[in-house]
K.L.:
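One structure, pasted below without further comment.
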Amino acid sequence: MTKVRVRFAPSPTGPLHIGGVRTALYNYLFARRHGGTMILRIEDTDQNRYVPGAEEYIIESLRWAGIVIDEGVGPGGPHAPYRQSERKHIYRQYAEQLVHAGYAYYAFDTEDELDALRNRLKEAGAEQQQYGITTRMNMRNSLTLPAREVQRLLTENAPHVIRLKIPEGEVIKLHDLIRGEVTVHSEQLDDKVLMKSDGMPTYHLANVVDDYLMEITHVIRGEEWLPSAPLHVLLYRGLGWEERMPQFAHLPLLLKPDGHGKLSKRDGDRMGFPVFPLNWTDPFTGEKSPGFREAGYLPEALINFLALLGWNPGTEQELFSMTELVESFSLERISKSGARFDIQKARWFNQQYLRKLPDAQLARQLAEQLKSEGIEQPEEKLIRIVSLLKERITFTHELLPQSKFFFYAPPVPDDSFIRKKWSGQVQEVLAAYAQALEEEKNFSADNLKHLLETTAQKLGIKAGQVMQPLRVALTGETAGPDLMAIAEILGQKECIRRINFVLQYAKPFVS
RNA sequence: GGCCCGUUCGUCUAGGGGUUAGGACAUCAGAUUUUCAUUCUGGUAACAGGGGUUCGAUUCCCCUACGGGCUACCA
């Protein structure tokens, strides 16, 4: 096999959709698996839909996700430029080549004329309203107009497009690596515009020309392109490039978590999760879209989650590093049907990956969060705190809220809690415990626990019965990590102070 | 509407002519724990329907239903 070359070819019309990230990922995995090249091409042939910042957003998203671009916009390469707007000058000659070979034609119809055609067909109850085999001879184009008239219009620079001339009565077959044989009758296809009147190519022409020129071997893209794939086959054929036509693989779509249709930004907003890799603010409307990065997802977790949405390794392994994904990836194991987007599973992956993070790294994150509160703490202490928390959280941003009591003395406990859990006996044990802590030299969790047990025992009660009150005294919470480990970190003075504070407060309730 | 693609637990999926139809997330129950979480154990839960082919079909074929995509001088 010739050297694998694949491309990810988004259009810069807004933030990159999460489905686009998955498409990029599969391209990347396939390239790496076969020692090939991953190319980024920007398909900005629609000047009306261009959104400033979108291209940068795409590049930053891929970088964050760990998808490395070998060639294309960014790193450059032998086929530069990789932005289609900058390649504008190269498309027209191919379109004209098609015209000369009889595979395409000039069309001069105005928008009104096209509308009229559609309406006419609609009223006549036609199955499809298209500019094509059955209708092209009724329109104003180089097939119907005298040659001299066409020539005149062209030299006068009259607005026109170039349309593909779909052949009649042909069955177009293409082999899709995921779906197998796909068959379409040419009558179903319309005479797609190849060159627009603004001089830009449409997607169909540009993608075929560029894929050929850039020596793309495999086109891996979303299923929404499947219906136009036969058209592209015709283009390769007309251009005389059929020999070097890339292989196609049309990926199943990412679907809404509930209901029907493909995943959209609305679903994320509605159900409270991102559908974009990074935060995005629309430069025109100011509308904000949340991103996975800012929502606290680790790129490795998101990638792992995405990889398994539509592909599986055939083993029971669930956790994959990028390297492992590369090793096991294959197009054959991509499923054919769309995959519902289940954010629960994404959360689970994040939890798994968060646990694997070194304590020092989590401690740095916590230090960062504390900084915004104007608090500074020794790294060594933060590492101890973080090690207590890491198995209990899903996102790093939970670090601060879950550890606040280490840095702030808790407020007085709820009256209702006191009424339920407090007693003279509890009060007595806690007082004795605070007393014992005063004299304690060894402030290790083990020792503190032992001390609590013996203190409680002496007063004829089990340690378990004062655990909860003690937790509230120390942390202000009724749930949390191992209390004795917390006490150890809090330190002698702070523990005693907090216990005494609560003792004072609770006195009126028990006397 | 037309065309194309698809359909295994709630979700992601494995499997495949004869299986107790497997795993993961979620969910439920139990165990552990000073609480919560974790962890461990166990449970509930699926081959869309109808016809063929076959000794036998969830698996192969056809039809129906349902779902999705496309149907622009957008990608």
Side-chain angles (χ1 to χ4, degrees), chain A residues 9-13 43-46 48-49 84 107 109-111 114 118 122 125-131 159-163 176 178-180 182-185 187-190 192-204 206-207 221-230 250 252-253 255-258 260-262 305 308-319 333 335-349 351 355 388-394 402 449 452-453 462-472 475 477-484:
Chain A
S11 62
T13 53
E43 310 228 327
D44 54 350
T45 51
D46 188 350
N48 302 320
R49 291 212 308 162
Q84 289 183 329
D109 314 274
T110 64
E111 223 167 289
L114 292 175
R118 274 187 280 269
K122 206 166 191 174
E127 283 179 346
Q128 40 205 338
Q129 298 95 44
Q130 60 184 20
Y131 198 128
H160 67 276
V161 299
I162 296 179
R163 285 182 182 271
D176 184 274
I178 295 170
R179 283 149 219 285
V182 177
T183 307
V184 177
H185 292 82
E187 274 69 19
Q188 299 303 327
L189 269 20
D190 56 350
K192 275 275 177 311
V193 169
L194 265 20
M195 289 296 296
K196 301 186 267 192
S197 54
D198 66 359
M200 278 294 208
T202 58
Y203 170 84
H204 301 104
N207 113 65
R221 76 230 298 190
E223 192 186 358
E224 67 267 30
W225 294 111
L226 193 52
S228 56
H250 288 95
L253 263 20
L255 271 22
K256 291 181 191 297
D258 61 348
H260 312 301
K262 60 177 170 180
F305 167 65
L308 261 14
L309 227 47
W311 170 84
N312 79 85
T315 65
E316 282 178 1
Q317 185 177 351
E318 300 277 341
L319 263 20
R333 297 204 65 91
S335 33
K336 296 179 174 72
S337 46
R340 285 251 164 81
F341 193 83
D342 177 16
I343 199 66
Q344 282 298 343
K345 196 130 185 186
R347 292 171 57 90
W348 178 79
F349 275 113
Q351 189 182 30
R355 276 181 201 183
L388 288 182
L389 258 39
K390 73 190 298 188
E391 302 246 307
R392 320 172 54 81
I393 58 175
T394 304
Q402 296 254 11
K449 184 174 187 186
L452 181 67
E453 278 162 355
K462 279 189 175 165
Q465 288 174 263
V466 287
M467 252 333 158
Q468 200 69 329
L470 181 57
R471 177 178 291 280
V472 168
T475 70
E477 308 282 340
T478 52
D482 182 85
L483 224 211
M484 294 303 136

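Here the structure is a predicted model, which is why all the values come from computation and not from measurement. Each chain gets a letter, A, B and so on, in the order its sequence line appears, and its residues count up from 1.
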K.L.:
Mind checking if A:Arg333 touches a base, just sugar-phosphate, or nothing, with heavy atoms under 4.0 Å?
P.N.:
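Sugar-phosphate, backbone atoms only, no base.
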
K.L.:
Nearest whole Å is fine: how far is B:G6 C1' from A:His250 NE2?
P.N.:
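In whole Å, B:G6 C1' and A:His250 NE2 are 15 Å from each other.
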
K.L.:
In Watson-Crick or G-U wobble terms, both distances under 3.5 Å, what is the partner of B:C25?
P.N.:
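Base-paired to B:G10.
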
K.L.:
Please classify the nucleic acid contact of A:Leu483 as base, sugar-phosphate, or nothing, using heavy-atom distances under 4.0 Å.
P.N.:
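Here A:Leu483 touches the bases of the nucleic acid.
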
K.L.:
Using OP1 and OP2 only, check whether a side-chain N or O of A:Arg340 sits under 4.0 Å from B:U11.
P.N.:
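So the side chain of A:Arg340 is within the cut-off, an N or O lying under 4.0 Å from OP1 or OP2 of B:U11.
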
K.L.:
Under 4.0 Å: is that the gap between some side-chain N or O of A:Ser335 and OP1 or OP2 of B:U13?
P.N.:
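So the side chain of A:Ser335 is within the cut-off, an N or O lying under 4.0 Å from OP1 or OP2 of B:U13.
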
K.L.:
Roughly how many Å apart are B:A21 and B:G6, using the P atom of each and rounding to a whole number?
P.N.:
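B:G6 and B:A21 have their P atoms separated by 27 Å.
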
K.L.:
In this structure, how many angstroms lie between the C1' atom of B:C12 and the CZ atom of A:Arg347, rounded?
P.N.:
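Computing the A:Arg347:CZ to B:C12:C1' distance gives 17 Å.
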
K.L.:
Contact class for A:Thr478 vs. all strands (heavy atom < 4.0 Å): base, sugar-phosphate, or nothing?
P.N.:
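Counting heavy atoms under 4.0 Å across all strands, the contact made by A:Thr478 includes a base.
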
K.L.:
Could you measure between the two P atoms, the one in B:A29 and the one in B:U11, and give it in whole Å?
P.N.:
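Roughly 22 Å separates the two P atoms.
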
K.L.:
Using a heavy-atom cut-off of under 4.0 Å over every strand shown, decide if A:Arg355 touches base, sugar-phosphate, or nothing.
P.N.:
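Counting heavy atoms under 4.0 Å across all strands, the contact made by A:Arg355 is with sugar-phosphate only.
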
K.L.:
Scan A:Gly222 against the nucleic acid and name what it touches under 4.0 Å (heavy atoms): base, sugar-phosphate only, or nothing.
P.N.:
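If one applies the 4.0 Å heavy-atom cut-off, A:Gly222 turns out to touch nothing in the nucleic acid.
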
K.L.:
Counting only side-chain N and O atoms of A:Thr45, is one of them less than 4.0 Å from OP1 or OP2 of B:A75?
P.N.:
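Result: yes.
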
K.L.:
Mind checking A:Gly480 for me? I need base, sugar-phosphate or nothing, with any heavy atom below 4.0 Å counting as a touch.
P.N.:
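Counting heavy atoms under 4.0 Å across all strands, the contact made by A:Gly480 includes a base.
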
K.L.:
Does A:Lys196 make a side-chain N or O approach to OP1 or OP2 of B:A75 shorter than 4.0 Å?
P.N.:
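Answer is yes, contact under 4.0 Å.
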
K.L.:
Would you indicate what A:Thr183 reaches in the nucleic acid, counting non-hydrogen atoms under 4.0 angstrom: base, sugar-phosphate, or nothing?
P.N.:
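Counting heavy atoms under 4.0 Å across all strands, the contact made by A:Thr183 is with sugar-phosphate only.
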
K.L.:
Which part of the nucleic acid, if any, lies within contact of A:Arg179, taking any heavy atom under 4.0 Å across all strands shown: a base, the sugar-phosphate backbone alone, or nothing?
P.N.:
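Sugar-phosphate, no base atom in range.
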
K.L.:
Using the P atoms only, state how far B:G68 lies from B:A26, rounded to an integer number of Å.
P.N.:
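The same atom, P, in both gives a distance of 27 Å.
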
K.L.:
Counting any heavy atom closer than 4.0 Å, what does A:Ser197 reach on the DNA or RNA strands: base, sugar-phosphate only, or nothing?
P.N.:
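Base, at least one base atom sits under 4.0 Å.
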
K.L.:
If we take the C1' atom in both B:G67 and B:A72, what is their distance in whole Å?
P.N.:
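Those two atoms are separated by 25 Å.
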
K.L.:
Taking atom C1' in both B:A14 and B:G22, what distance in whole Å separates the two?
P.N.:
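That atom pair is separated by 6 Å.
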
K.L.:
Does B:C70 have its OP1 or OP2 closer than 4.0 Å to a side-chain nitrogen or oxygen of A:Lys262?
P.N.:
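Looking at the OP1 and OP2 atoms of B:C70, one of them is under 4.0 Å from a side-chain N or O of A:Lys262.
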
